[in-house]
Amino acid sequence: MSEIPASAPDCLFCRIVAREIPATAVKDGDRVLAFQDVNPQAPTHVLVIPRAHHRDVGALAAADPATLADLVSMAAAVAADAGEDSYRLVFNTGERSGQSVFHVHGHVLAGRPLSWPSG
Ligand code: 5GP
Ligand code: ZN
């Protein structure tokens with residue numbers, strides 16, 4: 001099995017983990033952290049990421065399922081802390097899905113009606 005790098009050069013979210021780029025933290029854990037999306041699409045729009053670099057949710061699941069479980073639990077806690085009993089957890093995966101940052105992140109969206117299917 002290949003080594004998983006702890007961080008990747010020029011990765012925006014690795015730089016947020018390293019505090020080289022500021023972000024508004026919402027929750028902080030050993031392996032995952034949550035911060036406000038800079039361009040919110042709902043009253044609650046928080047990104048939850050692993051501290052270690054993995055390009056997408058499938059890669060994280062394969063390499064470190066325990067951290068993926070931490071990420072999902074933190075997403076649920078973010079919604080609960082915001083007083084939301086309904087939320088959407090989205091992992092855009094691949095360019096055609098809209099993924100623009102290739103460090104896995106779950107979008108926690110809540111606080112307004114969310115239509116389905118998504119666009
Ligand atoms: P994606 O399109 O990859 O699913 O989501 C990337 C998300 O990262 C977008 O919702 C975008 O608003 C957010 N984003 C991009 N750059 C920054 C940044 O510098 N800081 C924060 N907090 N969010 C960012
Ligand atoms: Zn990264």
Side-chain angles (χ1 to χ4, degrees):
M1 203 165 112
S2 60
E3 282 289 306
I4 306 298
S7 66
D10 303 325
C11 171
L12 176 65
F13 288 173
C14 284
R15 296 187 70 195
I16 285 178
V17 170
R19 300 179 187 229
E20 293 168 9
I21 293 176
T24 304
V26 174
K27 280 193 170 295
D28 215 339
D30 289 346
R31 296 188 289 204
V32 292
L33 78 127
F35 56 91
Q36 302 283 0
D37 195 292
V38 78
N39 183 23
Q41 302 300 312
T44 295
H45 188 174
V46 171
L47 302 176
V48 188
I49 69 171
R51 292 184 176 281
H53 183 87
H54 302 271
R55 69 178 276 111
D56 61 35
V57 67
L60 176 60
D64 189 353
T67 295
L68 177 57
D70 280 359
L71 191 160
V72 173
S73 294
M74 185 174 278
V78 165
D81 287 358
E84 302 292 350
D85 61 2
S86 297
Y87 66 95
R88 186 167 292 164
L89 177 58
V90 176
F91 295 93
N92 291 327
T93 305
E95 271 175 31
R96 283 201 303 146
S97 79
Q99 187 175 6
S100 60
V101 179
F102 287 84
H103 178 133
V104 56
H105 48 284
H107 295 256
V108 182
L109 295 154
R112 64 167 171 81
L114 297 164
S115 61
W116 188 259
S118 66

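Given the structure is predicted, the values throughout are model-derived calculations rather than measurements. Note that the numbering runs from 1 along the sequence shown for the chain. One-based numbering, in listed order, for ligands and for the atoms of each.
Looking only at protein heavy atoms, the nearest one to atom 23 (N) of ligand 1 is V38 N, 3.3 Å. Looking only at heavy atoms of the protein, atom 11 (C) of ligand 1 is closest to D37 OD1, 3.5 Å. Nearest non-hydrogen protein atom to atom 5 (O) of ligand 1 is H105 NE2, 2.9 Å. In this structure, the protein non-hydrogen atom closest to atom 16 (N) of ligand 1 is L12 CD2, 3.3 Å.
Of the polar atoms of V101, at least one N or O is found under 3.5 Å from an N or O of ligand 1, judged by distance alone. In terms of polar-atom proximity, defined here as any N/O pair under 3.5 Å, G98 does make such a contact with ligand 1. Close N/O approach between S100 and ligand 1 is found [any backbone or side-chain N/O within under 3.5 Å]. Considering backbone and side-chain N/O of Q36, one or more are found under 3.5 Å from N/O of ligand 1.
Here the angle at the Zn ion (ligand 2) defined by SG in C11 and SG in C14 stands at 110°, rounded to 10 degrees.
Under a 3.5 Å cut-off, the side chain of R31 and the backbone N or O of A52 do not form any donor-acceptor pair. No donor-acceptor pair closer than 3.5 Å links the side chain of E95 to the backbone N or O of S97. One N or O on the side chain of R112 and one on the backbone of Q41 form a donor-acceptor pair closer than 3.5 Å. For H105 (side chain) and A34 (main-chain N/O), no donor-acceptor pair under 3.5 Å exists by modelled atom type.
For H103, the N, O or S atom with the smallest separation from the Zn ion (ligand 2) is ND1. Shortest distance from the Zn ion (ligand 2) to H53 is reached at ND1 (N/O/S atoms only).
Nearest approach of H107 to N92, heavy atoms of both residues: NE2-ND2, 3.8 Å. Closest approach of A77 and K27 over heavy atoms only: CB-CE, 3.6 Å. Residues E84 and G111 approach most closely at OE2-CA, 3.3 Å, considering heavy atoms. Among all heavy-atom pairs drawn from M74 and G29, the shortest one is CE-N, 3.8 Å. Across A42 and A110, no two heavy atoms sit closer than the pair CB-O, 3.5 Å.
Per-residue contacts place N39 under 4.0 angstrom from the following atoms of ligand 1 (heavy atoms of the residue considered): 12 (O). Applying the 4.0 Å criterion to heavy atoms of F13 picks out, from ligand 1, the atoms 8 (O). Listed by number with element, the atoms of ligand 1 under 4.0 Å from a non-hydrogen atom of N92 are 4 (O).
If you look at T24 next to ligand 1, there are no close heavy atoms at all, none under 4.0 Å.
At a 4.0 Å cut-off, at least one heavy atom of H107 sits close enough to ligand 1 to count as contact.
Both V17 and F13 sit in one connected hydrophobic cluster of ILVMFWY residues. Membership requires side-chain heavy atoms under 4.5 Å apart, directly or through other members.
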